[in-house]
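First comes the structure, then the notes that go with it.
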Amino acid sequence: MPKVKAKRHSVSLDMTAMCDVAFLLLTFFMLTAKFRPEEAVTITPPSSISEKPLNTKDGMLMVSVSPEGGVYLATDDQMAREFMLERMANRYGIAVTAEMKKNFMASEIVGYPLGAMRQVLNMKPSEAKKLSKGIPIDSANNELSYWVGYAKLSNPELKVAIKGDKDSNYKVFADIIGTLQAQNINIFQLVTGPENKPK
Amino acid sequence: MAEIDSSGGGKKGGKKRSKKMSTKIDMTPMVDLGFLLITFFMLTTTLAKPVTMQLNMPDKTDTKETSPVKLSETLTVCPDESKVYYYQGIPTEAGTVMQVTNYSETGIRKVIADLKAKVGNNFTIVIKPTKKAKYRNMIDMLDECAITNNKRYALLEIDPDTEALIKRSGK
């Protein structure tokens with residue numbers, strides 16, 4: 001009588017389906033992920049215990065403050081951006097060529113005084129970064145006020161977020177708040193990094 | 001692991017057939033890679049997510065009377081670069097004492113918590129950041145208000161009287 005051998009099953013199983021799922025998920029996450037918005041300068045926001053995520057549903061107007069105190073404005077609303085350029089150029093008598101407009105729309109960030117606008121917009125966006133030193137907000141020449149005003153005129157739903165570097169001076173922030181309050185914008189989202197709640 | 005199954009079926013004798021290669025290959029490393037990438041992307045995206053704190057400022061055009069706040073129920077804090085000044089009362093009065101503490105857990109947080117326990121629900125914090133204060137200091141102060149569960153606070157510009165008081169205290 002021959003010995004009874006236990007039937008051996010193969011341990012390798014069909015991985016095709018699992019592989020499909022893995023790559024489907026990978027593709028999905030990669031396509032739905034939003035790119036981090038470009039930044040003119042590196043800004044490290046301070047941390048807070050707040051847990052509210054940034055609400056970008058109805059469009060966002062982001063005022064950034066660099067460590068040196070330069071003020072930058074960015075918005076994800078393309079219509080508002082086009083409108084802003086048109087009105088600002090009109091106000092300061094700058095003739096905007098198609099090339100300048102293309103350069104303006106290519107970069108999300110505005111961070112130069114109007115006096116330098118023609119020069120900046122005639123350059124490639126990558127070169128123009130050096131000239132982006134911030135929008136003037138002093139009381140004599142408050143250009144931020146106009147930019148924000150026109151953006152709000154184009155899309156009143158825009159939410160205002162302020163992203164300040166942790167080492168920027170408080171005075172700049174106070175000036176921005178003052179500028180925005182003068183336009184009756186009283187609700188601000190302060191962008192911060194996450195931090196654990198103390199017990 | 002990566003075996004290619006080349007069993008051509010167990011036919012005995014018969015016609016000689018060309019060996020058929022199976023198209024089955026081991027997918028395990030590919031699945032590993034897929035899930036590794038998914039894990040990596042998911043972790044990096046959630047970690048970089050910014051959070052916001054909402055700041056509501058009073059409407060300047062609104063002239064409606066607001067409810068008065070008692071001096072004894074108010075604490076004025078002046079965040080400076082590395083320390084926090086605080087006092088109760090009117091800065092120009094001689095009896096007002098300017099005190100100083102730091103941003104630590106036993107510093108300003110304890111001061112606020114103690115006073116809140118003494119005063120009760122009407123406790124109001126007035127924040128007047130000094131000229132030297134950084135943006136971080138103001139956020140820290142707003143954070144302290146949130147940690148100690150204070151809904152009543154106001155963010156104001158510093159006035160010359162308060163600055164004089166800080167100078168007088170010499171701290």
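FYI, side chains are in, hydrogens and waters are out, and symmetry mates aren't considered; it's all heavy atoms of this structure. Nothing here was measured: the structure is a model prediction, and the numbers come from that model.
- Looking at A:S50, its side chain does come within 3.5 Å of a backbone N or O of B:T52 through a donor-acceptor pair.
- Hydrophobic clustering (ILVMFWY, side-chain heavy atoms < 4.5 Å, transitive): A:L25 and A:M30 are in one cluster.
- By a heavy-atom distance cut of under 4.5 Å, A:F173, A:A174, A:I177, A:Q181, A:N184, A:N186, A:I187, A:F188, A:Q189, A:L190 are the residues of residues 172-190 of chain A near chain B, going up by number.
- Criterion: ILVMFWY side-chain heavy atoms under 4.5 Å apart, direct or through other members. Under it, B:I147 and B:V77 are not part of a common hydrophobic cluster.
- Scored by the salt bridge (Lys or Arg N to Asp or Glu O under 4.0 Å) test, B:E144 finds B:R109 as partners (sequence neighbours excluded).
- Considering OG of A:S47 and CG of B:D140, their distance stands at 7.0 Å, rounded to 0.5 Å.
- In this structure, the portions of B:M30 lying under 4.5 Å from any heavy atom of chain A include both its backbone and its side chain.
- Side-chain atoms of B:N137 and A:Y170, non-hydrogen and from C-beta on, never get closer than 4.5 Å to each other.
- Under the 4.5 Å side-chain heavy-atom criterion for Ile, Leu, Val, Met, Phe, Trp and Tyr, A:Y92 and A:V110 are members of the same hydrophobic cluster.
- Cluster note: B:L156 groups with B:V126 through ILVMFWY side-chain heavy atoms spaced under 4.5 Å, whether in direct contact or through intervening members.
- Follow the hydrophobic side-chain contacts under 4.5 Å out from A:V21 and you never reach B:L36; the two are in separate clusters.
- When heavy atoms are compared at a cutoff of 4.5 Å, B:I139 approaches chain A solely by way of its side chain, counted from C-beta outward.
- To the nearest 0.5 Å, atom CG of residue A:L26 and atom CZ of residue B:F40 are 11.5 Å apart.
- Hydrophobic clustering, with ILVMFWY side chains joined whenever heavy atoms are under 4.5 angstrom apart, groups A:L153 together with A:V160.
- For CE of A:M79, the number of neighbouring non-hydrogen atoms (other residues, nucleotides, ligands) closer than 6.0 Å is 12 at most.
- Residue B:K116 qualifies as enclosed at atom NZ: its count of foreign heavy atoms under 6.0 Å is above 12.
- Between A:F23 atom CZ and B:L33 atom CG the span is 5.0 Å, to the nearest 0.5 Å.
- The structure places CG of B:D32 at 8.0 Å from CE of A:M18, a figure rounded to the nearest 0.5 Å.
- At a 4.5 Å heavy-atom cutoff, the contact between B:Q54 and chain A is made by backbone and side-chain atoms alike.
- Under the side chain to side chain donor-acceptor pair (under 3.5 Å) criterion, A:R91 pairs with A:Y146, A:Y150, not counting sequence neighbours.
- The shortest heavy-atom contact between A:I49 and B:A146 is CD1-CB, 4.2 Å.
- Of the two parts of A:D165, only the backbone, made up of N, CA, C and O, holds a non-hydrogen atom closer than 4.5 Å to a non-hydrogen atom of chain B.
- Ranked by heavy-atom pairs under 4.5 Å with chain A, the first of B:K131, B:M138, B:R136 is B:R136.
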